[in-house]
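Notes to accompany the following structure.
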Amino acid sequence: MDVTFPKTAPLGKALGSTSRENITALFPIYHLADASSEGLAILYQGRIIEANRPLLSCVGTDLQNFPSIRDILPGALKTPPDNSYHPGVLRTLEGRSFHVEFRLTPLRRNDLDCLALAVTFPPCLSVSRSLSPESGTGLCGQEEFGKAVSAFLGNGTRRQPAGILLHANINRFRTINERYGTRIADNVLSEIGQRLRAFLTEECIVARLGGGDFGIFCPFPYEYEHPGQATRWAQIVRDIFHTTLSIEGHRIHLTASIGCCLIPFDTYRFETACHYAELALNEARRLQSPDWISFTPLMQADVHHRSELEHDLQRALETNQFFLEFQPLICLRTNRIECVEALLRWQHPTRGVISPNEFIPIAEESGLIVSIGRWVLLEACAQVSRLPSHVRVAVNISAVQFLHDDMYASVIQTLFQTGLAAERLELELTESIFLEAVQRNLETMSKIRALGVKIVMDDFGIGFSSLNYLRSFPFDRIKIDRSFIRDMLNDPQAQSIVSAIMTLGHAMSMEVIAEGVETAAQLDMLRHTSCSTAQGFLMGRPAPLANLSAYPGMTDTPVISGQNSSPSASAS
């Protein structure tokens, strides 16, 4: 309080010997307003006609030059004067922004209708610690974001603060950085920041969290009552990130993975809400969802399960719990097994055989895929080196392994250790290999191919850019995704796609492999196309290599069509 008591007497004596009128004259009411922790003002016809010192200091002006309320607190005049607190953004003359709460109370003096304005400044957002704009977008950093949202949730001015916390990550932002350079990538972030500020309300708190990550908190004007309140904000954020930007002559298509958490429905605590939103974001990444993913308690249980599997994976590598099965690929012209695909299996000591669909994503996230992938490559080549020289081996390579391992050195070392001829090794890659470090991956693929190793594009036909990738790199073989083979007997469009891929492969001098062949009718239809190789349960199920040694075709004996033809879903 900017007041000094008389030094001639202690405070108690002063009050005892001085009249109420004298005390009132000594301490007028405006001193109480100036001592308040809130910004206080009186509005008349949209103008500030009186304000206390905290509000004047925050805005950076005096009463005579006080700007219009529309300029410093735009949401105020749109809010009913119901004496309830509402979120808002207070702007200063220096260009700073504060996320605050304010309330309006009707006043009537001398037949004039006025409004009393009270602005609450959260302690962590004092004038000296305002939200610093980033790259001209008005976004705050991670620390300021946390303090701003925490203050909103815990400042006690709302009976039950409610809102939606979203964690958004620009997909393939690293690739944008590598392909276009840092300046273009920064402009992408700036454009997204501007879009967030343009399409969200001023009450929303938005932050850059690093890289291509953004944190967004959108408060609800009332307590959480219906999922539609959250859906509206999630849809807006999704549409902001799913866009095409034109920057310095480049058209950059953006998508994002988005996870969200509802407050207070999921939690009251900011730190917990951040954790839940991140779990939902990870689920959105895993599913490659074009929409947002909301947190569910099952995600927490899934994290615990995945954590246990990650620990067990490390142990599995150390104690030789992995083993390989092989599925034959049949040349339709000679009816011989000319290649076998190595398929990884995990014999867990207590859970039995675990599907690779369950543990491979965990191995990729944890980085264990590099060590596991090296073991698969070495083991597959070692086993197949003992087969007749016309039998090749195909090994699936994870895009994560290809990015983080020295694949060229790994292939050379494997061929040297096993004595397998380079011409007998095939590496099967999906188009996800092109999602990051494109140029480096292309160079590595070219070096490996120069050794004599064949490069195969797996799951061809289901990606968005497969044709462009065929033009970028001369694959030796392409494998038609099993979904087209499954549907081609009953779906004319699937049949046309299969035929078109055959024609395309022939025109580009690439061998075409059909995977997922399960019936004699499918095989018969493929024989009437230019398809050269087929793979599926009709020819043989995945099995230990020793079990395949007696199959017709492992020598020069033709394969019998229909052998082991029990149809089922393939495991790979």
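Because the structure is predicted, anything quoted here is derived from the model rather than measured. Computed over heavy atoms, backbone and side chain alike; hydrogens, waters and symmetry mates excluded.
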Next item on the list: Answer yes or no: are there more than 12 heavy-atom neighbours, outside His250 itself, under 6.0 Å from its atom NE2?
Entry: yes
Check: Would you say the side chain of Asp459 lies within less than 4.5 Å of the side chain of Ile480, judging by non-hydrogen atoms?
Finding: no
Notebook entry, point to check: Could you state the interatomic distance from CZ (Phe241) to CG (Asn169), rounded to the nearest 0.5 Å?
Noted result: 9.0 Å
Next item on the list: State, to 0.1 Å, how close Pro290 and His242 come at their nearest heavy-atom pair, and which atoms those are.
Entry: O-NE2, 3.3 Å
Notebook entry, point to check: More than 12 heavy atoms of other residues, nucleotides or ligands under 6.0 Å from CD of Gln493: is that the case?
Noted result: no
Notebook entry, point to check: Do Lys447's NZ or CZ and the ring of Tyr408 fall within the cation-pi criteria of under 6.0 Å and 45°?
Noted result: yes
Next item on the list: Give the C-alpha distance, both sets of side-chain angles, the deciding distance and a yes or no for side-chain contact (heavy atoms from CB on, under 4.5 Å) between Thr296 and Leu279.
Entry: CA-CA 9 Å; Thr296 66; Leu279 291 180; over 6 Å; no
Notebook entry, point to check: Are the side chain of His311 and the backbone N or O of Ser307 linked by a donor-acceptor pair below 3.5 Å?
Noted result: no
Notebook entry, point to check: Glu338 and Thr334: which non-hydrogen atoms are nearest, and at how many Å?
Noted result: OE2-OG1, 3.5 Å
Note to self: Measuring only between side-chain heavy atoms, which start at C-beta, is Val517 closer than 4.5 Å to Met539?
What the structure shows: yes
Notebook entry, point to check: Side chains of Arg336 and Ile330: closer than 4.5 Å at any heavy-atom pair?
Noted result: no
Checklist line | Heavy atoms of other groups near Gln142 CD, more than 12 under 6.0 Å | finding: no
Check: In terms of the angle between their ring planes, are Trp346 and Phe359 parallel, tilted or perpendicular, with boundaries placed at 30° and 60°?
Finding: perpendicular
Notebook entry, point to check: Counting N and O atoms only, with roles assigned by atom type, does the side chain of Arg208 sit under 3.5 Å from a partner on the main chain of Gly211, one being a donor and the other an acceptor?
Noted result: yes
Note to self: Under a plain distance cut-off of 3.5 Å, with no hydrogens placed, do Glu379 and Gln383 share a side-chain donor-acceptor pair?
What the structure shows: yes
Next item on the list: For the pair Ser410 (side chain) and Asp406 (backbone), establish whether a donor and an acceptor sit closer than 3.5 Å, ignoring hydrogens and angles.
Entry: no
Note to self: side-chain contact (heavy atoms from CB on, under 4.5 Å), that's the test. Do Leu378 and Gln413 meet it? Break it down for me.
What the structure shows: CA-CA 9 Å; Leu378 182 63; Gln413 183 179 9; over 6 Å; no
Item checked: Test log, rule salt bridge (Lys or Arg N to Asp or Glu O under 4.0 Å), inputs Arg449 and Asp476 -> CA-CA 9 Å; Arg449 192 167 184 257; Asp476 296 285; 3.2 Å; yes
Note to self: Just so I know, are the side chains of Lys479 and Met457 near enough to count as touching, which here means a heavy-atom distance under 4.5 Å?
What the structure shows: no
Margin query: Taking side-chain contact (heavy atoms from CB on, under 4.5 Å) as the definition, give me every residue that meets it alongside Leu245, ordered by chain and number, with sequence neighbours left out.
Written below: Val188, Glu191, Arg195, Thr243, Ile247, Leu254
Next item on the list: Inspect the contact between Arg440 and Glu443 and indicate whether a charged nitrogen and a carboxylate oxygen are less than 4.0 angstrom apart.
Entry: no
Next item on the list: Walk me through it: do Ser257 and Trp292 pass the test side-chain contact (heavy atoms from CB on, under 4.5 Å)?
Entry: CA-CA 7 Å; Ser257 299; Trp292 66 93; over 6 Å; no
Note to self: Would you compute the distance between atom CZ of Arg172 and atom CG of Asn177 and round it to the nearest 0.5 angstrom?
What the structure shows: 13.5 Å
Margin query: For a quick test of reading the model, state the closest non-hydrogen atom pair linking Ala380 to Leu324 and the distance between them.
Written below: N-CD1, 3.5 Å
Notebook entry, point to check: Quick one: does Phe214's side chain get under 4.5 Å of Ile216's, heavy atoms only?
Noted result: yes
Notebook entry, point to check: Please walk me through it: do Glu518 and Arg541 pass salt bridge (Lys or Arg N to Asp or Glu O under 4.0 Å)?
Noted result: CA-CA 10 Å; Glu518 297 183 349; Arg541 292 174 175 272; over 6 Å; no
Note to self: Restricting to non-hydrogen atoms, name the atom on Asp458 and the atom on Glu515 that form the minimum distance, rounded to 0.1 Å.
What the structure shows: OD1-OE2, 3.1 Å
Margin query: To the nearest 0.5 Å, what is the distance between CD on Glu278 and CG on Leu209?
Written below: 9.5 Å
Item checked: More than 12 heavy atoms from other groups under 6.0 Å of CD on Glu271 -> yes
Next item on the list: May I ask you to decide if the ring planes of Trp375 and Phe322 are parallel, tilted or perpendicular, using 30° and 60° as cut-offs?
Entry: tilted
Item checked: Gap between atom CZ of Arg392 and atom CG of Leu387 - 0.5 Å precision -> 12.5 Å
Item checked: Sub-4.5 Å side-chain heavy-atom contact between Ile455 and Glu426 -> no
Note to self: Leu344 vs Ile360, test: side-chain contact (heavy atoms from CB on, under 4.5 Å). Steps then yes/no.
What the structure shows: CA-CA 9 Å; Leu344 177 62; Ile360 289 297; 4.1 Å; yes
Margin query: According to salt bridge (charged side-chain N to carboxylate O under 4.0 Å, His left out), does anything in residues 356-378 pair up with another residue at least two apart or in another chain? List the pairs.
Written below: Arg306-Glu365, Arg374-Asp405
Check: Can the ring centres of Phe475 and Phe460 be said to be less than 6.0 Å apart?
Finding: no
Note to self: Using a 3.5 Å distance criterion without hydrogens, assess whether the side chain of Ser371 forms a donor-acceptor pair with backbone atoms of Leu368.
What the structure shows: no
Check: Can you check whether Glu325 reaches Pro544 side chain to side chain, under 4.5 Å on heavy atoms?
Finding: yes
Next item on the list: First locate atom CG of Asn187, then atom CD1 of Ile192, and finally report the distance between them rounded to the nearest 0.5 Å.
Entry: 12.0 Å
Check: What's the shortest heavy-atom distance between Asp266 and Tyr276, and which atoms?
Finding: O-CE1, 3.7 Å
Notebook entry, point to check: Can you name the nearest heavy-atom pair linking Glu428 to Ala394, along with the distance?
Noted result: OE2-CB, 3.5 Å
Margin query: Let me confirm one number: the OG1-CZ distance from Thr418 to Arg424, rounded to the nearest 0.5 Å.
Written below: 9.0 Å
Check: Do Leu427 and Leu377 have side-chain heavy atoms sitting under 4.5 Å apart?
Finding: yes
Item checked: Of Val411, Val376, Leu425, the residue whose pairing with Cys381 passes side-chain contact (heavy atoms from CB on, under 4.5 Å) -> Leu425
Note to self: Has Gln327 got a side-chain atom pairing as donor or acceptor with Gly540's backbone, closer than 3.5 angstrom?
What the structure shows: yes
Margin query: Tell me if the CZ atom of Arg183 is crowded by more than 12 foreign heavy atoms within 6.0 Å.
Written below: no
Next item on the list: State, without any angle test, whether Asp481 and Ser483 hold a side-chain donor-acceptor pair at a distance under 3.5 Å.
Entry: yes
Note to self: Any side-chain to backbone donor/acceptor pair from Thr319 onto Arg315? Under 3.5 Å, distance only.
What the structure shows: yes
Sequence neighbours excluded and cut-off under 3.5 Å, please list the side-chain donor-acceptor pairs for residues 495-512, or say none.
{"residue": "Ser496", "atom": "OG", "partner": "Pro492", "partner atom": "O", "Å": "3.0"}
{"residue": "Thr503", "atom": "OG1", "partner": "Ser499", "partner atom": "O", "Å": "3.1"}
{"residue": "Glu511", "atom": "OE1", "partner": "Arg477", "partner atom": "NE", "Å": "2.5"}
{"residue": "Glu511", "atom": "OE1", "partner": "Arg477", "partner atom": "NH2", "Å": "3.4"}
{"residue": "Glu511", "atom": "OE2", "partner": "Ser532", "partner atom": "OG", "Å": "3.4"}
{"residue": "Glu511", "atom": "OE2", "partner": "Thr533", "partner atom": "OG1", "Å": "2.5"}

Notebook entry, point to check: Do Thr255 and His253 have side-chain N/O donor and acceptor atoms under 3.5 Å apart?
Noted result: no
